[in-house]
Amino acid sequence: MPLGSFPDILTVLDSIWDPGVAIDLKAVEQLATDQSSLKAAAGLAKPAKWSGIGGSGDGALIWGECAGSGANPYRVMADLRDLGNKCTCPSRKFPCKHVLGLLWLNAEAIVPFTPADTPSWVSDWLGRRRGASAAKPAGNAAPAGDKDLRAAQRAEPETIEDPKDAARREAQAAKRSDETERAILDALDALEQWVGDQLRLGLSPFIDDVTARCRRIAARLVDGKAAVLAGRIDELPGRLLALPAGDRPRGAVVELGKLVLLARAFRATPRDAEIRRAVATSETRETVLTDPLALRVNAPWEVLAEQVRTRRDGLVSQTTWLLNLATTGPRFAMLLDFFPASAGRRGSVFTPGERFQGELAFYPSQQPLRALLVRRDTTEETSAEWPIPDEAPSDALTRPLLAEPWIIDIPLLLPQGRIARDDTGHIWWRSADGAMTLPVATEAQGILCGTSLTRTAAIWSGNRLTILAAQTPWGRIGPP
Amino acid sequence: MTEAANAQAIYDAIGAVLTRWTMGSAATPTAPFWRAEFGDDPAEAELRLLALSGQFLAVAVTTEPSSTLRFLPDIPALALPTVPEALRPLVRRLMAAKKDPQLKNELVHFLAARGWTSHPADWMPEAGDEDAPDVYAAWRDWAEIAASNIASRQQTSDRLTADNWEDFWPAARKAALAELRRRDPSAARTVLEAKLGNESADARLRLLSLLSERLSDDDIAFLGGIAANDRAPKVKALATSLLARLGRGPGAGEDVAELAGFFSLKTKGLLRRSRVIQAEPPKTPARWQRRKALFDGADLTSFSGALGVTPHELVAAWDWNVDQAADTALIKLIAETGTDALVTQAAEAISERDATGLVVALAPRLAPSERARFAEVALRRHGINFETAQLIAGATARLADPLSAPAGNALLAALRRDDAKPSDQVSELYAVGLIASRDGARQSLEHLTGAGLLQGDPRLDMLRLNAALDDNGAKP
């Protein structure tokens with residue numbers, strides 16, 4: 001029966017499903033730069049990969065958050081009028097597979113794009129967009145003939161592997177693993193030799209020449225497959241030189257001492273995932289997600305802050321600190337991603353202060369902290385207050401170091417306190433009972449100095465506090 | 001040895017360990033308490049000592065402040081409530097988009113006019129931010145306390161008098177004086193008579209300018225004294241200007257006569273003969289400069305007297321829109337030395353004659369309701385754009401349907417152009433958001449989104465804020 005026989009139904013459908021600006025899969029196909037993008041997008045055009053899907057009331061804008069390979073999800077947005085788009089992933093392809101996936105979801109109406117207020121991150125992108133004409137590449141970027149939607153949707157046939165090949169591959173992997181371990185142990189020998197040299201030559205000249213000296217040993221560690229440790233040593237000068245000059249010898253002893261401890265820990269248990277993560281490499285997202293021992297926590301989380309740092313090795317680290325508002329589970333979670341600086345500035349994934357219910361998978365650890373966002377439920381307003389600190393500040397400062405002496409950043413939830421300055425202008429946090437005074441690394445001005453801090457979330461690093469956020473009589477505040 | 005004593009012994013020795021390593025010497029001899037951990041190899045012993053010392057310093061030692069700590073007082077609550085939490089992201093984004101402090105000030109004036117203040121985490125005035133609304137005086141004083149080394153002193157909320165003058169911080173004092181002047185002009189002047197002399201020149205200038213509110217003949221003697229005796233030329237000039245507004249200009253001198261010589265009083269019309277003051281165009285650039293300099297030193301009463309008319313007759317007989325430089329100079333003269341009634345008369349005159357750009361110069365001296373009225377008239381009759389209308393209207397206007405003015409049609413046409421860019425018309429859309437009433441903002445939003453602008457378009461932020469914010473402000 002022709003569709004025209006159902007004029008009433010069509011009218012009703014129109015009224016409840018006003019697509020605003022409709023697109024079809026052909027547009028997605030045309031927009032894709034190549035067949036592999038289209039194939040990847042087909043894999044992402046599944047509701048389970050997405051959260052926070054929405055669209056503007058006028059149907060012109062759509063957005064969503066897509067779980068990528070990193071710890072943080074990607075924020076994806078598109079303007080359906082001209083197919084202008086933006087994704088926070090580091091891909092150099094434009095548009096990336098996430099944008100194509102979002103458009104695919106929309107074109108096929110796989111999920112409802114519920115009309116909602118435009119999130120500020122979408123408005124911010126709109127404000128930054130230059131000329132609509134620049135965002136009209138549909139069909140121009142690559143000829144549609146190169147790509148095939150049906151081929152993209154087709155599942156790859158499962159190949160059955162010969163058991164001999166599998167055994168051979170496993171043996172090769174084990175051999176590679178042994179070689180890697182030997183290379184790391186050699187590199188750690190070189191590192192300890194180097195640390196000993198710094199003591200023998202004197203910490204004073206070490207501090208004066210810290211950047212060059214660290215660069216040299218970091219390069220040796222990269223060759224020795226201790227890439228994470230190399231990155232840490234590359235960042236050592238930055239941490240050391242951020243200290244007041246008089247505090248640098250102490251800072252150098254702490255930093256170098258941690259390196260010795262970490263090297264010894266690796267030698268003792270080279271297969272320990274946690275120590276390997278601090279020296280060589282981290283597990284992949286898939287490894288953590290499929291690890292039955294990995295702690296999973298479904299809780300309400302508050303985004304404390306996002307720290308983006310360009311490292312000396314050309315990578316940008318993006319760290320999102322989350323506070324667990326529930327009474328159980330790790331108090332903090334850290335979502336950590338790296339991407340090349342050459343990929344350009346990435347948009348923020350979260351807005352400080354936003355709260356969401358979500359499931360996190362923690363990397364296995366004695367003190368679970370680093371995590372991956374597994375699932376994020378629809379943002380819900382929760383009026384839950386920040387929890388009471390789980391332990392006294394003095395314990396919170398030391399307990400993690402007793403378990404893992406080499407760690408650098410310790411997140412803390414501090415009790416009621418206040419910011420003060422000394423005569424030299426240095427900033428301090430003091431607890432309301434006066435029992436504890438801690439130096440603050442970050443600049444503090446305005447409201448942060450002019451109110452009682454009911455609770456303070458901070459990072460203790462290099463014997464100084466970096467304040468992430470605080471609860472006050474004025475509500476939640478963050479550093480400027 | 002107890003554990004505590006042991007830690008103390010380590011702490012006492014760790015300084016020597018650091019000193020030795022700083023100089024490149026072996027440090028194990030200075031740490032006998034860990035001797036059992038060192039082993040036999042000296043190089044290995046140094047590494048073990050390093051690991052132990054590093055852990056000890058990280059775990060057991062925190063820096064202590066070397067001096068007494070200074071805590072700032074609480075940021076005080078203001079007389080108006082903070083913007084609702086749900087609208088703070090919008091305020092923050094608007095603030096972030098406006099790099100120019102003047103533009104941020106427009107927003108905080110708008111908020112104050114609607115009965116709200118910003119959250120201190122989103123915006124706070126600097127101590128010297130004289131343009132901030134008076135409601136922020138307590139925060140300006142807090143900023144001054146923060147920037148100085150003075151210990152905080154108790155803020156008073158008493159009525160300002162000469163006796164409690166010192167109990168007020170400067171911004172709160174100025175706000176209290178302004179309030180006193182509105183309520184009891186003589187009392188405010190009496191306080192100033194007693195205390196002005198002790199203030200710095202900048203402070204004297206700011207405080208004296210408050211007398212422009214409810215200026216009357218009662219102020220003449222005081223102003224006369226300042227104009228004659230103050231140490232600072234700029235304070236003298238302000239007193240002279242205020243006196244001139246009261247018709248007590250310095251009197252006709254040679255300069256004013258020379259200025260009058262650039263103009264001629266003529267009659268025109270056959271039946272209804274009326275007088276008109278026409279400019280005689282200066283013949284050389286030097287003469288143009290001379291005329292400008294003479295205007296700068298003149299006052300309205302003396303100038304009109306030199307032409308043989310009263311100030312009101314001068315404004316009525318002025319031949320507007322012929323010599324724009326003369327128009328501008330006269331408007332400046334009126335703004336600085338004219339009475340309130342003359343300012344309104346001049347604004348009416350130039351508004352009728354389509355010289356609305358000049359109303360902007362008079363706007364600061366017009367009452368808020370007058371500013372809104374002139375902005376509306378200029379928008380409807382003379383087709384000015386919204387940015388200019390906002391300069392005339394200030395922060396307290398509540399125009400019901402700004403987009404129906406010609407500027408609205410122009411704006412919509414510009415937004416609909418094929419080559420329109422997402423960054424176009426930012427200032428115009430912002431200005432509409434500032435001058436519209438709440439209902440006007442809602443209507444404008446509907447109109448603009450109906451015309452194709454996205455609901456999430458950040459250019460609509462100011463309109464969105466206006467539309468969402470309860471209007472609790474005093475209506476002009």
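Basis for what follows: all heavy atoms, side chains included, without hydrogens, waters or symmetry-related copies. Residue numbering restarts at 1 for every chain, and letters A, B, ... go by the order of the sequence lines. All figures in this text were calculated on a predicted structure; none of them were measured in a lab.
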Need one label for Leu61(A): side chain, backbone, both or neither, based on atoms under 4.5 Å from any heavy atom in chain B.
side chain

As an exercise: rank Arg418(A), Glu192(A), His426(A), Arg250(A) by heavy-atom pairs under 4.5 Å with chain B and give me the winner.
Arg418(A)

I'd like to verify something: which residue of Pro119(A), Gly446(A), Ser56(A), Pro439(A) has the highest number of heavy-atom pairs under 4.5 Å with chain B?
Gly446(A)

If you count heavy-atom pairs under 4.5 Å between each of Leu460(B), Thr62(B), Val426(B), Thr63(B) and chain A, which one has the most?
Thr63(B)

Just how far is it from atom OG1 of Thr456(A) to atom CG of Leu448(A), taken to the nearest 0.5 Å?
7.5 Å

Checking Arg430(A) against chain B: side chain, backbone, both or neither under 4.5 Å from a heavy atom?
side chain

When Ile419(A), Thr424(A), Ile477(A) are compared by non-hydrogen pairs under 4.5 Å with chain B, the top option:
Ile419(A)

Looking at every non-hydrogen atom in both residues, tell me the closest pair between Gly456(B) and Ser123(A) and how far apart they are.
O-OG, 2.6 Å

Check each atom of Val122(A) against the heavy atoms of chain B and say whether the ones under 4.5 Å are side chain, backbone, both or neither.
neither

Atom group of Leu401(A) that falls short of 4.5 Å from chain B, counting heavy atoms
both

Chain A contact via Val61(B) - which portion, at a heavy-atom distance below 4.5 Å
backbone

Select one option (side chain, backbone, both, neither) describing which atoms of Ala43(B) are under 4.5 Å from chain A's heavy atoms.
neither

Need one label for Glu85(B): side chain, backbone, both or neither, based on atoms under 4.5 Å from any heavy atom in chain A.
neither

Looking at OG1 of Thr30(B) and CG of Leu18(B), how far apart are the two atoms once the value is rounded to the nearest 0.5 Å?
9.0 Å

Ranked by heavy-atom pairs below 4.5 Å to chain A, first place among Val59(B), Thr22(B), Leu72(B) goes to Thr22(B)

So, Asp423(A) and Arg70(B), do they make that salt bridge, N to O below 4.0 Å?
no

Can you confirm whether more than 12 heavy atoms, excluding those of Tyr11(B), are under 6.0 Å from its OH atom?
no

Proximal component of Trp460(A), with respect to chain B [non-hydrogen, under 4.5 Å]:
side chain

Separation between CZ (Arg93(B)) and OG (Ser120(A)), nearest 0.5 Å, reads 6.0 Å

Could you have a look at Trp139(B), Phe56(B), Trp21(B) and say which one has the most heavy-atom pairs with chain A under 4.5 angstrom?
Trp21(B)

Okay, Trp428(A) and chain B: the region with an atom under 4.5 Å from a heavy atom over there is side chain

For the side chain of Thr449(B) and the backbone of Leu445(B), is there at least one donor-acceptor N/O pair under 3.5 Å apart?
yes

Say whether Thr28(B) and Glu46(B), considering side chains only, have a donor N or O and an acceptor N or O under 3.5 Å apart.
yes

Starting at OG of Ser118(B), measure out to CG of Leu111(B) and round the result to the nearest 0.5 Å.
7.0 Å

Indicate, with yes or no, if the rings of Trp123(B) and Tyr136(B) have centres closer together than 6.0 Å.
yes

Let's test your reading of the structure: which of Ala96(B), Ser67(B), Ala26(B), Pro65(B) forms the most heavy-atom pairs below 4.5 Å with chain A?
Pro65(B)

Check whether Gln455(B) gets within reach of chain A through its side chain, its backbone, both or neither, counting any heavy atom under 4.5 Å.
both

Heavy-atom distances under 4.5 Å only: say whether Glu255(A) touches chain B with side chain, backbone, both or neither.
neither

side-chain hydrogen bond (donor to acceptor under 3.5 Å, both in side chains) evaluation trace for Ser461(A) with Asp409(A):
CA-CA 5 Å; Ser461(A) 182; Asp409(A) 292 336; 2.9 Å; yes

Chain A interface, residue from Asp424(B), Ile14(B), Leu50(B) that has the most non-hydrogen pairs under 4.5 Å
Leu50(B)

Minimum heavy-atom distance Ser53(B)-Val253(A), with the two atoms named:
CB-CG1, 4.0 Å

Chain B: which of Gly251(A), Gly257(A), Gly450(A) shares the most heavy-atom pairs with it under 4.5 Å?
Gly450(A)

Who among Thr82(B), Thr68(B), Leu47(B), Leu52(B) has the most heavy-atom pairs with chain A under 4.5 Å?
Leu47(B)

Interchain contact, Pro405(A) with chain B, by part (heavy-atom threshold 4.5 Å)
both

Pro400(A) and Asp395(A) have their tightest heavy-atom pair at CD-O, 4.2 Å

Side chains of Asp189(A) and Gln193(A): any donor to acceptor distance under 3.5 Å?
no

Between atom SG of Cys449(A) and atom CD1 of Ile145(B), what is the distance when rounded to the nearest 0.5 Å?
13.0 Å

What part of Arg464(A) lies closer than 4.5 angstrom to a heavy atom of chain B: side chain, backbone, both or neither?
neither

Between Gln198(A) and Arg213(A), does any side-chain donor sit less than 3.5 Å from a side-chain acceptor?
yes

Greatest number of non-hydrogen atom pairs under 4.5 angstrom with chain B, of Leu259(A), Leu261(A), Asp247(A), falls to Leu261(A)

Is Ser452(A) in contact with chain B via its backbone, its side chain, both, or neither, using a 4.5 Å heavy-atom distance?
backbone

Under a 4.5 Å heavy-atom cut-off, does chain B meet the side chain of Ile207(A), its backbone, both or neither?
neither

Around atom CZ of Arg35(B), are there more than 12 heavy atoms from other residues, nucleotides or ligands closer than 6.0 Å?
no

From CG (Leu94(B)) to CZ (Arg464(B)), nearest 0.5 Å
9.0 Å

Residue part contacting chain A, namely of Pro89(B), when any heavy atom lies under 4.5 Å:
neither

Honestly, the part of Asp117(A) sitting under 4.5 Å from a heavy atom of chain B is neither

Considering only heavy atoms, which portion of Val254(A) lies under 4.5 Å from any heavy atom of chain B: side chain, backbone, both, or neither?
both

Identify which part of Arg20(B) has an atom lying under 4.5 Å from any heavy atom of chain A, answering side chain, backbone, both or neither.
neither

Ala58(B) portion near chain A, given a 4.5 angstrom heavy-atom threshold:
both

Can you say whether Met23(B) sits under 4.5 Å from chain A via the side chain, the backbone, both, or neither, judging by heavy atoms?
backbone

